[in-house]
Amino acid sequence: MAERVSGLRASRHQKLERLVERGVDPYPARVRRTHTNAQARALLLEQERVEAAAPPPAPVTVAGRVVALRGMGRSSFADLRDGTDKLQVQFRRDLLGEEYASLKDLDVGDFLEVHGSMIRTRTGEVTVEARKFTLLSKSLRPLPEKWHGLRDTEQRYRRRYLDLIANHDEVMPTFLKRSRVIEGIRAFMSGRGFVEVDTPVLVPVAGGALASPFITHHHALDQDLYMRIATELYLKRLIVGGFDKVYEIGRIFRNEGVDQDHNPEFTMMESYEAYADYTNVMSMVEEMVSTVAQAVLGSAVVRHGEQDVDLSPPWRRIPFLEAVEEHAGIDLYPYVLGGKGADELAAEARAKGFDVADGPVHRVYDKLLSLSVEPRLIAPTFIVDYPMIMSPLAKQKPGSPHLVERFEAFAVGMEVANAYTELNDPVEQRRRFQAQEEVRRRYGDEEMDRTDEDFLLALEYGMPPTGGLGIGIDRLVMLLTGQTSIRDVMLFPQMRSRE
RNA sequence: GGGCCGUUAGCUCAGUUUGGUCAGAGCACCGGACUUUUAAUCCGGGUGUCCAGGGUUCGAAUCCCUGACGGCCCA
């Protein structure tokens, strides 16, 4: 029973019916491809290179999507695209006979298998001269326009497959690079002796970051569970268990807004290295990012708007308090020492023209950093030594009781990494969690770290001094591909459902 | 959460200021011509829930209200 279709789609359905009437299977199960488009092209080039007099290469069978059709009467051309290349096909009535007429049931968007010889046309185009062709899959919808592609951002994100087809040359390379960035990170980490692990996504306590979790429920256990907001606390349990170097690349879920560099689910790489501290991690990050850039782009220099940004080590290192002092003109030291309070700081910040709300002091610190410092950090920069209140999982900096050994890495005005010398003192860790709970109660702020008793128990068994790292893969891909929206480096960014 | 902008044919977009030959163009598609095209070309054809729902009006794509979705900026 055919779906009732109207307008532009009707003609494709009519073609489909004609094909079925002729006994053609519009969706056959078998493909007899002998060469990818790239291989077929290479075959001809190789033959031309070796000797013009050499025997012509044997016929090939290629397959792909018809992305262009040019009818010329007794001869027609199609462009066939597979995952490797685009290849022209010529159909000649004198070579195809009766079969030539069935071209009229072919549409742009159909998948086709073509058997024929590799030739060069008079204009020099490498071409398959068809002797036989078989429909592999009938397309029932017209594709977006060939000149402008698909411009509507909403459609590009909601129907990414169309974006990939219509804007192939712009969009596909970004996602291929994304894949190679992740490969590059794995190679780098593996080369340094790190072991890749998988830890739970569904967790009883959403800890390890200052963020709101998604909540869900397990029916059989009759227990609420959370989607992880970090992998940190599980990876540290593994350090307790005796892994010296572990990392995980995985999806993280944070119940927060959507904007140009936030998506509720995103990909993070976290690593933990025993017997290391945050200075070792800094060196590793510099090296990793420039190595991956080199591997994926062939250069450690990326383009950001009008300027070149060199990712080669060493990166600039600026203490947190100095950075805020320099860019915001506010001396945070009295606040960090505890002499002055959060409301006073918020008032001072507002007096300097920063739009910050009253709230927990760590929020004001964070706001000042993101308003005054972050946008100016175009060249890769480490901000180091954060106020302790912002960083409940980081170890105190020796000699600076209110600071911790923490850094964040910034580039092109965006945070890309966060790392600590990990706090491994279980008594102190409990105290820090309690301080977080305290702030949560006082301000009703869900974005505070949560006490994870099972994690504290693990720490009590003893964790070696450890350097830990979290690096946002999506943002790293943005940095390396020059994209300014996280949606353009995620295949399926979060969108509101349409009703 | 606030502000601004957008939503019209399968796609890319005009048309909204000033309500009335405003249902339009290009590509795509359909019919015809064409044996070397590659944004093929030439001739003919408009295929539509103007985002949705209310309202104003003799008359609404256009003005007003509400809502949906998206983008950008701010928070």
Side-chain angles (χ1 to χ4, degrees), chain A residues 5-16 18 37 41 66-81 85-97 100-101 103-110 116 119-130 139-170 256-263 346 349-350 353-359 363-364 366-368 370-371 374-375 413 483-488 493-499:
Chain A
V5 290
S6 60
L8 302 175
R9 289 170 55 204
S11 83
R12 292 194 178 217
H13 283 263
Q14 282 161 13
K15 289 176 182 178
L16 179 66
R18 284 205 298 266
N37 286 346
R41 181 184 300 278
V66 175
V67 292
L69 262 177
R70 294 177 291 279
M72 303 279 306
R74 269 158 282 185
S75 173
S76 298
F77 295 89
D79 292 336
L80 211 59
R81 186 159 77 202
D85 202 358
K86 192 164 83 175
L87 198 59
Q88 177 169 272
V89 178
Q90 183 179 17
F91 304 91
R92 295 171 53 147
R93 196 170 73 173
D94 58 354
L95 296 178
L96 291 164
Y100 188 82
L103 277 179
K104 72 176 192 301
D105 290 330
L106 199 62
D107 285 299
V108 170
D110 291 352
I119 61 161
R120 221 177 247 280
T121 61
R122 200 159 68 195
T123 58
E125 181 75 22
V126 174
T127 299
V128 185
E129 191 178 58
S139 164
L140 296 178
R141 299 259 181 182
L143 288 174
E145 209 240 1
K146 63 182 173 185
W147 297 2
H148 304 90
L150 184 66
R151 293 267 67 87
D152 185 290
T153 46
E154 184 173 351
Q155 294 305 323
R156 290 187 51 218
Y157 299 147
R158 285 188 194 277
R159 302 161 81 191
R160 180 69 86 182
Y161 52 93
L162 276 187
D163 187 35
L164 287 162
I165 296 169
N167 305 321
H168 177 271
D169 293 346
E170 295 82 55
E256 57 193 19
V258 175
D259 66 24
Q260 284 199 91
D261 36 38
H262 293 86
N263 193 71
R350 281 194 292 268
F354 296 105
D355 191 4
V356 304
D358 286 330
R363 295 285 238 175
V364 184
D366 198 48
K367 197 79 206 169
L368 278 175
S370 59
L371 286 179
E374 183 168 349
Q483 298 294 334
T484 54
S485 171
I486 198 169
R487 297 181 204 96
D488 291 323
Q494 192 64 48
M495 303 288 275
R496 192 187 289 270
S497 299
R498 311 188 79 165
E499 249 328 281

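In what follows, chains carry the letters A, B, and so on, assigned in the order in which the sequence lines appear, proteins first and then strands, with residues in each chain numbered from 1.
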**Q** Check for a donor-acceptor pair, side chain of A:Arg81 on one end and backbone N or O of A:Ile165 on the other, with a separation under 3.5 Å.
**A**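 Pair found, side chain donor or acceptor close to backbone of A:Ile165.
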
**Q** Could you identify the nucleotide paired to B:C69, looking across every strand shown and requiring Watson-Crick or G-U wobble geometry with both distances under 3.5 Å?
**A**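 Across all strands, the one nucleotide that pairs with B:C69 is B:G6.
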
**Q** Pull out every residue in residues 85-93 of chain A that has a heavy atom closer than 4.0 Å to any atom of RNA chain B, ordered by number, or say none.
**A**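 Hits under 4.0 Å, by residue number: A:Gln88, A:Gln90, A:Arg92.
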
**Q** Using the C1' atom in both, what is the distance from B:A23 to B:U37, to the nearest Å?
**A** 35 Å

**Q** For the atom pair CE (A:Met72) and CZ (A:Arg70), what is the distance rounded to the nearest 0.5 Å?
**A** 9.5 Å

**Q** Taking a pair as Watson-Crick or G-U wobble with both distances under 3.5 Å, which nucleotide is matched to B:U41?
**A**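 Partner of B:U41: B:A33.
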
**Q** Take atom CZ of A:Arg156 and atom C1' of B:U7, then tell me their distance rounded to the nearest Å.
**A** 17 Å

**Q** Strictly by Watson-Crick or wobble contacts shorter than 3.5 Å, is anything paired with B:G20, and which nucleotide is it?
**A**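 Matched B:G20 with B:C58 under the 3.5 Å cut-off.
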
**Q** Tell me every residue that passes side chain to side chain donor-acceptor pair (under 3.5 Å) with A:Arg93, counting only those two or more places apart in sequence or in another chain.
**A**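 Partners of A:Arg93 by the side chain to side chain donor-acceptor pair (under 3.5 Å) criterion come out as none, since no residue qualifies.
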
**Q** Can you tell me how far P of B:U35 sits from CE of A:Met72, to the nearest Å?
**A**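 Going from CE in A:Met72 over to P in B:U35 covers 8 Å.
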
**Q** Hey, does the side-chain of A:Arg122 have a donor or acceptor N/O within less than 3.5 Å of a partner on the base of B:U36?
**A**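 Absent.
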
**Q** Could you tell me whether A:Arg363 and A:Asp366 have a side-chain N and a carboxylate O separated by less than 4.0 Å?
**A** no

**Q** For the atom pair NZ (A:Lys86) and CZ (A:Arg41), what is the distance rounded to the nearest 0.5 Å?
**A** 9.5 Å

**Q** Taking A:Arg12 for the side chain and A:Ser139 for the main chain, is one N or O donor matched with an acceptor at less than 3.5 Å?
**A**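 Confirmed, A:Arg12 side chain pairs with A:Ser139 backbone.
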
**Q** From A:Thr127 OG1 over to A:Leu87 CG, what is the distance, rounded to the nearest 0.5 angstrom?
**A** 7.0 Å

**Q** Calculate the interatomic distance between A:Lys104 atom NZ and B:C34 atom C1'; express it in whole Å.
**A** 18 Å

**Q** Within this structure, what is the CG-NZ distance for the pair A:Asp105 and A:Lys15, rounded to the nearest 0.5 Å?
**A** 7.0 Å

**Q** I'd like the C1' distance from B:C51 over to B:U16, given in whole Å.
**A** 16 Å

**Q** Name all residues meeting the side chain to side chain donor-acceptor pair (under 3.5 Å) criterion together with A:Ser485; count only those two or more places apart in sequence or in a different chain, and write none if there are none.
**A** A:Arg487

**Q** Please report the C-alpha distance between A:Leu162 and A:Gln155 in whole Å, then the side-chain angles of each, then the deciding distance to 0.1 Å, and finally whether the side-chain contact (heavy atoms from CB on, under 4.5 Å) criterion is met.
**A** CA-CA 8 Å; A:Leu162 276 187; A:Gln155 294 305 323; 5.8 Å; no

**Q** Please report the distance, rounded to the nearest Å, between CG in A:Asp79 and P in B:U36.
**A** 17 Å

**Q** Does A:Lys15 reach a base, just sugar-phosphate, or nothing at all? Heavy atoms under 4.0 Å.
**A**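 A:Lys15: backbone/sugar contact only, no base atoms under 4.0 Å.
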
**Q** Any salt bridge between A:Lys367 and A:Asp355, counting N to O under 4.0 Å?
**A** no

**Q** Is there a donor and acceptor pair closer than 3.5 Å between the side chain of A:Ser11 and the base of B:U47?
**A**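 No, the side chain and the base share no sub-3.5 Å donor-acceptor pair.
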
**Q** Within the sub-3.5 Å range, which N or O atoms of nucleotides 11-13 of chain B have a protein N or O partner, and how far apart are they?
**A**
residue	atom	partner	partner atom	Å
B:C11	O2'	A:Glu145	N	3.1
B:C11	O2'	A:Gly149	O	3.0
B:U12	OP1	A:Arg151	N	2.8
B:U12	OP1	A:Asp152	N	2.8

**Q** Could you tell me the separation between the CD1 atom of A:Ile119 and the C1' atom of B:U37, rounded to a whole number of Å?
**A**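 Between C1' of B:U37 and CD1 of A:Ile119: 12 Å.
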
**Q** In whole angstrom, give the distance that lies between atom CZ of A:Arg158 and atom C1' of B:C51.
**A**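 It works out to 12 Å between those atoms.
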
**Q** In whole angstrom, what separates A:Arg12's CZ from B:U47's C1'?
**A** 14 Å

**Q** Expressed as a whole number of Å, how far does the P atom of B:U17 sit from that of B:A75?
**A**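 Their P atoms lie roughly 35 Å apart.
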
**Q** Between B:U57 and B:C64, how far is it from one C1' atom to the other, in whole Å?
**A** 12 Å

**Q** To the nearest Å, give me how far apart CG (A:Asn263) and C1' (B:G71) are.
**A**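 Taking CG of A:Asn263 and C1' of B:G71, I get 15 Å after rounding.
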
**Q** Just N and O in the side chain of A:Arg70: are any of them under 4.0 Å from OP1 or OP2 of B:U37?
**A**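 For B:U37, OP1/OP2 do not have a side-chain N/O of A:Arg70 under 4.0 Å.
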
**Q** Applying side chain to side chain donor-acceptor pair (under 3.5 Å), can you list everything that pairs with A:His148, at least two apart in sequence or on another chain?
**A** A:Glu145

**Q** With a 4.0 Å cut-off on heavy atoms, is A:Thr153 in touch with a base, just the backbone sugar-phosphate, or nothing at all?
**A**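 Sugar-phosphate only.
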
**Q** Considering only atom C1', compute the distance from B:U8 to B:A14 and round it to an integer number of Å.
**A** 10 Å

**Q** In whole angstrom, give me the gap between the P atoms of B:C50 and B:C11.
**A**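 To the nearest whole Å, 15 Å.
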
**Q** State whether A:Arg141 and A:Asp107 are salt-bridged, where the test is any N-O pair (Lys NZ or Arg NE/NH1/NH2 against Asp/Glu carboxylate O) under 4.0 Å.
**A**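 Result for this pair is no, no salt bridge flagged.
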
**Q** When the C1' atoms of B:U49 and B:G45 are compared, how many Å lie between them, rounded to an integer?
**A** 24 Å

**Q** Dump the pairs, protein N or O against N or O of nucleotides 72-75 of chain B, anything under 3.5 Å, distances to one decimal.
**A**
residue	atom	partner	partner atom	Å
B:C72	OP2	A:Arg487	NH1	3.4
B:C73	OP1	A:Gln260	NE2	3.4
B:C73	OP2	A:Gln260	NE2	2.6
B:A75	O3'	A:Asp355	OD2	3.4

**Q** Using the C1' atom on both, measure B:C4 against B:G46 and round to a whole Å.
**A**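 Per the computed distance, 35 Å lies between those C1' atoms.
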
